[in-house]
Amino acid sequence: YFVLDSHNELLSKISIGTGSDLKPHVSALSDNGVLALADPIKATILFYSDGNLAAEGQLYEDDGDYSLERKLLMQWVGDQCYILIERPGFQNSLFIRINADGRGQQTFFLPFAYIQRFVFSHGRIFVSGYNFNAQTEQMQPMIVEVSVTGKVLWTNENFGHELVMSPNGAYLAALSGHDEIQLFDLERKRVQEIQFEHANKAALGLTLNNQGKIAIIRVPVDFFVKRNTHFAEVFFP
């Protein structure tokens, strides 16, 4: 991991291993130059300042199997680091807040086991995830807004494969499928379901302007096999 200044000059370099080459550390750099490195396998977190280890901690006690499917998302807001992490074998993912010095950790539960995306902007936090019932093979998706104290403010029962907020913070869009988008008017507290023909194409990108207008990138379904983007299109649903 390399930390550069505004002139791309090297400030510090950190070499660190992890429990699995398939799941490297998740990194996030604060505006004050504190580098957070979280290990999604062992659920540990390290804080580096000026290239030196400043603090370390355990995100939660885990006696279970170190699943390679674990997901961890992380973002700094000021001098606080916000973390979302799945726990293999548990029904609730965790929403964690830690100070830059590694102290003051607060942990809250999310109402689903698996995390998809999250957006933290304009002082608001939105997270998408789902539960899965192995017996019925049914998935229960959910999009939630969470306060900085971990309180669930509202929920919406749809997938959020991608989440994006407009630059002015007035709208939130969620890609719920290759032919469906949820558009949330955050000021008026309304949601609009936008459906369109997928035309045998996969939606991989999502963007949103200040007027609530949406655009996505669509590619042929064989993109996942051939990685061919020659026939990509910008689509306005």
Side-chain angles (χ1 to χ4, degrees), residues 20 22-23 26 28 38-41 43 59-60 62 64-75 82-97 107-121 124-165 171-186 189-196 198 201-208 214 216-219 221 223-224 237:
S20 169
L22 299 178
K23 282 287 184 179
V26 177
D39 188 334
I41 303 299
L59 295 176
Y60 71 92
D62 180 18
D65 181 30
Y66 289 151
S67 171
L68 297 181
E69 297 302 317
R70 179 178 298 171
K71 180 181 291 185
L72 188 151
L73 306 175
M74 182 165 57
Q75 180 176 326
Y82 291 84
I83 301 162
L84 302 177
I85 185 170
E86 295 175 357
R87 301 182 301 161
F90 289 82
Q91 294 182 347
N92 301 97
S93 295
L94 299 181
F95 171 62
I96 300 171
R97 183 176 63 187
T107 301
F108 311 97
F109 294 99
L110 293 173
F112 39 73
Y114 302 98
I115 300 167
Q116 289 187 302
R117 295 286 189 272
F118 89 116
V119 171
F120 197 147
S121 182
R124 304 180 72 171
I125 306 170
F126 302 93
V127 188
S128 62
Y130 63 92
N131 289 316
F132 176 71
N133 189 317
Q135 295 181 341
T136 62
E137 297 186 349
Q138 294 294 314
M139 301 180 72
Q140 298 174 314
M142 188 178 295
I143 301 170
V144 302
E145 180 177 4
V146 185
S147 71
V148 293
T149 59
K151 181 181 178 180
V152 176
L153 302 178
W154 57 261
T155 65
N156 178 277
E157 295 181 354
N158 278 286
F159 280 108
H161 301 295
E162 293 189 35
L163 290 179
V164 61
M165 185 183 287
Y171 297 93
L172 175 78
L175 183 63
S176 297
H178 296 303
D179 55 3
E180 183 179 357
I181 292 172
Q182 307 294 319
L183 177 62
F184 299 90
D185 185 331
L186 300 176
K189 298 182 179 180
R190 297 175 180 174
V191 58
Q192 177 185 0
E193 185 177 287
I194 302 173
Q195 294 184 330
F196 50 92
H198 60 73
K201 296 179 181 178
L204 299 180
L206 177 66
T207 188
L208 176 67
I214 294 172
I216 58 176
I217 296 174
R218 300 206 302 183
V219 296
V221 292
F223 165 83
F224 299 101

In residues 107-117, what donor-acceptor pairs under 3.5 Å come from side-chain atoms, sequence neighbours left out?
residue, atom, partner, partner atom, Å
T107, OG1, Q105, NE2, 3.4
Q116, OE1, G160, N, 3.3
Q116, NE2, H161, ND1, 3.1
R117, NE, H161, O, 3.3

Side-chain donor-acceptor pairs of residues 134-144 under 3.5 Å, sequence neighbours excluded:
residue, atom, partner, partner atom, Å
T136, OG1, Q138, N, 3.4

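Scanning for ring-ring contact (aromatic ring centres under 6.0 Å, His included) contacts around F196 gives F235, with sequence neighbours left out. Taking the side chain to side chain donor-acceptor pair (under 3.5 Å) definition, one finds that E180 meets it with Q182, sequence neighbours left out. In this structure, E162 has no salt bridge (charged side-chain N to carboxylate O under 4.0 Å, His left out) partners at least two apart in sequence or on a different chain. For R218, the salt bridge (charged side-chain N to carboxylate O under 4.0 Å, His left out) partners two or more places apart in sequence, or in a different chain, are E233. With sequence neighbours excluded, the residues forming a side chain to side chain contact (heavy atoms under 4.5 Å, CB included) with V148 are Y82, R97, F120, I125, listed by chain and number. By the side chain to side chain contact (heavy atoms under 4.5 Å, CB included) test, Q91 pairs with no residue at all, sequence neighbours left out. Listed by chain and residue number, R188 satisfy the salt bridge (charged side-chain N to carboxylate O under 4.0 Å, His left out) test with D185 (two or more places apart in sequence, or in another chain). Taking the side chain to side chain donor-acceptor pair (under 3.5 Å) definition, one finds that S147 meets it with T149, sequence neighbours left out.
Between F118 and F95, the closest side-chain pair of non-hydrogen atoms is not below 4.5 Å. Within the 4.5 Å cutoff, the side chain of I216 has heavy atoms near those of the I181 side chain. Side-chain contact between L208 and L183: present, with at least one pair of heavy atoms (C-beta onward) separated by less than 4.5 Å.
Across all their heavy atoms, A202 and V221 have their closest contact at N-CG1, 4.3 Å. Residues M165 and V119 share a closest heavy-atom pair of CB-CG1, 4.0 Å. L175 and A203 get closest at one heavy-atom pair: CD2-O, 3.6 Å. Across all non-hydrogen atoms, the minimal contact from I85 to Y60 is CD1-CE2, 4.0 Å. Of all heavy-atom pairs between L163 and A174, the closest is CD2-CB, 3.5 Å.
When the options L73, L59, L94 are evaluated for a side chain to side chain contact (heavy atoms under 4.5 Å, CB included) with I83, the one that passes is L59.
The CG atom of L204 lies 11.0 Å from the CG atom of L206; values are rounded to the nearest 0.5 Å.
Every pair passing salt bridge (Lys or Arg N to Asp or Glu O under 4.0 Å) that includes a residue from residues 138-155 is listed here, sequence neighbours excluded: R124-E145.
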